[in-house]
A.B. asks: 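Below you'll find the structure I mean.
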Amino acid sequence: MSFPAVLHTEWIKIRSLRSLVGSLLTVPVATAGLSLLICAALGRPQPGSTDFDPVLFSYYGLNFGQLAAIIFSVIAMAGEYKNAGIRISLAAVPDRTLFYGAKLAVIGGCVLVVGLVASLISFLGGQALMDRGFGIGIADPGALRAVVGCAFYLALISLLSAGVAALLRSVTGALGLLVPLFLILPFVVGDMSQGGGAADFLPDRAGRQILLQDPAGTLGPWSGMAVLAAWTALATAAGWWALRRRDA
């Protein structure tokens, strides 16, 4: 089979399963919905605050949208192993590298599209809802970079999650590893290290540098995204190795 044909097959799988469509649509709903709510309710710096970032403030709901992207990607990949469904998929597409590449492309592409929608709504709506004098425009420094960067951040996180799911072959196992990695470990490592340190190189901390209007610290916006891309490459390579070496 050709790569476009396999892509089309993987797209049909995703749009045919309610659980996948639901988790994918939750990405923009959670990201934009919660971001707009917070910007409307708290659209100004706290009294005495010196580090208010209007760009980052527009993405308050990203944690929740990121979780939805992780769940979508894990189900899309690890769901293949439920009831030995992977055997049917590999019987139709015997080339495992082709199958894996097409699945990653569809997963990442879907999250990239909904992530861009979520990012645009979060930024434009969030800035409009902030108190007068605190919002900025998309032409201001760091704004357009953050809008595009948020979409790529979510896409890379989804690919990393899919790679882990392919390696572990289990929805429960993959979520059991990824949820603490993104929601607990950064805070634990950050508290244990002085001034951030090792925590700055964790995938989510590094990738989110692109959402800051004026990034400061060890990593800049693009070097941080490069660190996230390296984590993603490692995870997807591990998933490819597992798919190639293990029996279906």
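Just so you know, residue 1 is the first one in the sequence shown, and it goes up from there. Computed from heavy atoms alone, side chains included, the values below leave out hydrogens, waters and symmetry copies.
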A.B. asks: Going from CD1 on Ile71 to OG on Ser158, what distance comes out if it is rounded to the nearest 0.5 angstrom?
C.D. replies: 13.0 Å
A.B. asks: Excluding sequence neighbours, so at least two apart, what forms ring pair (Phe, Tyr, Trp, His ring centres under 6.0 Å) with Phe123?
C.D. replies: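 By the ring pair (Phe, Tyr, Trp, His ring centres under 6.0 Å) rule, Phe123 matches no residue at all.
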A.B. asks: When Ile, Leu, Val, Met, Phe, Trp and Tyr are grouped by side-chain heavy atoms lying under 4.5 Å apart, directly or through other members, which residues fall in the same group as Leu25?
C.D. replies: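 The other cluster members (ILVMFWY side chains, heavy atoms under 4.5 Å, direct or chained) are Val21.
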A.B. asks: Are Trp240 and Leu159 co-members of a hydrophobic cluster defined by side-chain heavy atoms under 4.5 Å apart?
C.D. replies: yes
A.B. asks: Who passes side-chain hydrogen bond (donor to acceptor under 3.5 Å, both in side chains) against Ser89, sequence neighbours left out?
C.D. replies: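 If we apply the side-chain hydrogen bond (donor to acceptor under 3.5 Å, both in side chains) test to Ser89, skipping adjacent residues, the hits are Lys13, Glu80.
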A.B. asks: How long is the span from the OH atom in Tyr60 to the CG atom in Leu42, to the nearest 0.5 Å?
C.D. replies: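 The distance works out to 8.0 Å.
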A.B. asks: In the hydrophobic clustering (ILVMFWY, side-chain contacts below 4.5 Å, transitive), which residues join Val29, or is it alone?
C.D. replies: none
A.B. asks: Which residues pass the side chain to side chain contact (heavy atoms under 4.5 Å, CB included) test with Ser170, not counting sequence neighbours?
C.D. replies: Thr172
A.B. asks: Would you mind reporting whether Phe182 and Leu67 have side-chain heavy atoms less than 4.5 Å apart?
C.D. replies: no
A.B. asks: Shortest non-hydrogen contact from Ala166 to Tyr100?
C.D. replies: CB-CE1, 3.8 Å
A.B. asks: List, by chain and then residue number, the residues other than Ile12 in its hydrophobic cluster (Ile/Leu/Val/Met/Phe/Trp/Tyr, side-chain heavy atoms under 4.5 Å); write none if there are no others.
C.D. replies: none
A.B. asks: Applying side-chain hydrogen bond (donor to acceptor under 3.5 Å, both in side chains), which residue pairs with at least one partner in residues 66-76 are found, sequence neighbours left out?
C.D. replies: Gln66-Tyr153, Gln66-Arg208
A.B. asks: List the residues meeting side-chain hydrogen bond (donor to acceptor under 3.5 Å, both in side chains) with Gln213, not counting sequence neighbours, and say none if there are none.
C.D. replies: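 Partners of Gln213 under the side-chain hydrogen bond (donor to acceptor under 3.5 Å, both in side chains) test: none.
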A.B. asks: Could you tell me the separation between the CG atom of Leu178 and the CG atom of Leu160, rounded to the nearest 0.5 Å?
C.D. replies: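 The CG atom of Leu160 is 6.5 Å from CG of Leu178, to the nearest 0.5 Å.
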A.B. asks: Could you state whether Val113 and Leu62 fall into the same hydrophobic cluster, counting links through intermediate Ile, Leu, Val, Met, Phe, Trp or Tyr residues with side-chain heavy atoms under 4.5 angstrom apart?
C.D. replies: no
A.B. asks: If every non-hydrogen atom of Ala76 is compared with every non-hydrogen atom of Leu20, which pair is closest and at what distance?
C.D. replies: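 Looks like N-CD2, 3.5 Å.
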A.B. asks: Indicate yes or no: at least one non-hydrogen side-chain atom of Phe201 is less than 4.5 angstrom from one of Thr218.
C.D. replies: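 Side-chain contact under 4.5 Å: yes.
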A.B. asks: Does one hydrophobic cluster hold both Leu185 and Leu234, with members joined at side-chain heavy-atom distances below 4.5 Å?
C.D. replies: no
A.B. asks: Check whether Val106 and Val117 end up in the same hydrophobic cluster, where Ile, Leu, Val, Met, Phe, Trp and Tyr are linked by side-chain heavy atoms less than 4.5 Å apart.
C.D. replies: no
A.B. asks: For Ala118 versus Pro28, what's the shortest heavy-atom pair and its separation?
C.D. replies: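 The pair with the smallest heavy-atom distance is CB-CA, 3.5 Å.
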A.B. asks: Can you see which heavy atom on Trp231 is nearest to which on Pro203, and at what distance?
C.D. replies: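 So the two residues come closest at CE2-CD, 3.7 Å.
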A.B. asks: Answer whether the closest heavy-atom distance between the side chains of Met77 and Ser161 falls below 4.5 Å.
C.D. replies: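 When only atoms from C-beta onward are counted, Ser161 and Met77 do not touch, as no gap falls below 4.5 Å.
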A.B. asks: Determine whether Arg246 and Leu167 satisfy the following criterion, side-chain contact (heavy atoms from CB on, under 4.5 Å), listing intermediate values before the conclusion.
C.D. replies: CA-CA 10 Å; Arg246 296 177 185 172; Leu167 176 64; 4.0 Å; yes
A.B. asks: To the nearest 0.5 angstrom, please state how far the CG atom of Leu36 sits from the OG1 atom of Thr31.
C.D. replies: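 One gets 10.5 Å once the value is rounded to the nearest 0.5 Å.
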A.B. asks: Checking Pro221 now: which residues fulfil side chain to side chain contact (heavy atoms under 4.5 Å, CB included) with it, not counting sequence neighbours?
C.D. replies: Arg145, Ile210, Pro215
A.B. asks: Mind listing the closest non-hydrogen atom pair of Ala105 and Leu7 along with its distance?
C.D. replies: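 Minimum heavy-atom separation between Ala105 and Leu7: CB-CD2, 3.7 Å.
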A.B. asks: Ignoring hydrogens and geometry, is there a side-chain-to-backbone donor-acceptor pair from Gln127 to Ile136 under 3.5 Å?
C.D. replies: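 Present.
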A.B. asks: Can you tell me how far the CD atom of Gln209 sits from the CG atom of Asp204, to the nearest 0.5 Å?
C.D. replies: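 Between atom CD of Gln209 and atom CG of Asp204 there are 11.0 Å.
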A.B. asks: Do Leu154 and Ile121 sit in the same hydrophobic cluster, where Ile, Leu, Val, Met, Phe, Trp and Tyr count as joined when their side-chain heavy atoms come under 4.5 Å apart?
C.D. replies: no
A.B. asks: Look up atom CG in Leu181 and atom CD1 in Ile70, then write down how far apart they are to the nearest 0.5 Å.
C.D. replies: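 One finds 8.0 Å between CG of Leu181 and CD1 of Ile70.
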A.B. asks: Taking the side chain as every heavy atom from C-beta outward, state whether Leu228 and Ile157 have any atom pair closer than 4.5 Å.
C.D. replies: yes
A.B. asks: Phe99 vs Thr9, test: side-chain contact (heavy atoms from CB on, under 4.5 Å). Steps then yes/no.
C.D. replies: CA-CA 10 Å; Phe99 165 74; Thr9 300; over 6 Å; no
A.B. asks: Decide side-chain contact (heavy atoms from CB on, under 4.5 Å) for Val111 and Leu24; before the verdict, give the C-alpha distance in whole Å, the side-chain angles of both, and the deciding distance to 0.1 Å.
C.D. replies: CA-CA 7 Å; Val111 175; Leu24 182 62; 4.2 Å; yes
A.B. asks: With no hydrogens and no angle check, is any side-chain donor or acceptor of Thr236 less than 3.5 Å from a backbone partner on Thr232?
C.D. replies: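 Looks like yes, one N/O pair under 3.5 Å.
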A.B. asks: Give a yes or no on this: more than 12 heavy atoms of other residues, nucleotides or ligands lie within 6.0 Å of atom CZ of Phe152.
C.D. replies: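 No, CZ of Phe152 has 12 or fewer neighbouring heavy atoms, counting only those of other groups under 6.0 Å.
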A.B. asks: Ser35: which residues meet the side-chain hydrogen bond (donor to acceptor under 3.5 Å, both in side chains) condition with it, sequence neighbours left out?
C.D. replies: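 Testing Ser35 for side-chain hydrogen bond (donor to acceptor under 3.5 Å, both in side chains), a comparison that skips the adjacent residues, returns none.
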A.B. asks: Can you list the residues that meet the side chain to side chain contact (heavy atoms under 4.5 Å, CB included) rule with Phe64, with sequence neighbours excluded?
C.D. replies: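 With sequence neighbours excluded, Phe64 shows a side chain to side chain contact (heavy atoms under 4.5 Å, CB included) to Ala30, Leu34, given in chain and number order.
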A.B. asks: Would a distance-only check, ignoring hydrogens and angles, find a side-chain to backbone donor-acceptor pair under 3.5 Å from Trp11 to Cys110?
C.D. replies: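 No; zero donor-acceptor contacts below 3.5 Å.
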A.B. asks: One pair to check against side-chain contact (heavy atoms from CB on, under 4.5 Å): Ile38 and Phe57. What are the steps and the verdict?
C.D. replies: CA-CA 8 Å; Ile38 293 300; Phe57 200 77; 3.8 Å; yes
A.B. asks: Could you work out, with side-chain hydrogen bond (donor to acceptor under 3.5 Å, both in side chains) as the rule, every residue matching Tyr59, not counting sequence neighbours?
C.D. replies: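 Applying side-chain hydrogen bond (donor to acceptor under 3.5 Å, both in side chains) to Tyr59 gives Ser119.
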A.B. asks: Tell me the closest heavy-atom pair linking Leu211 and Ala146, and the distance in Å.
C.D. replies: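 Residues Leu211 and Ala146, closest heavy atoms: CD2-O, 3.6 Å.
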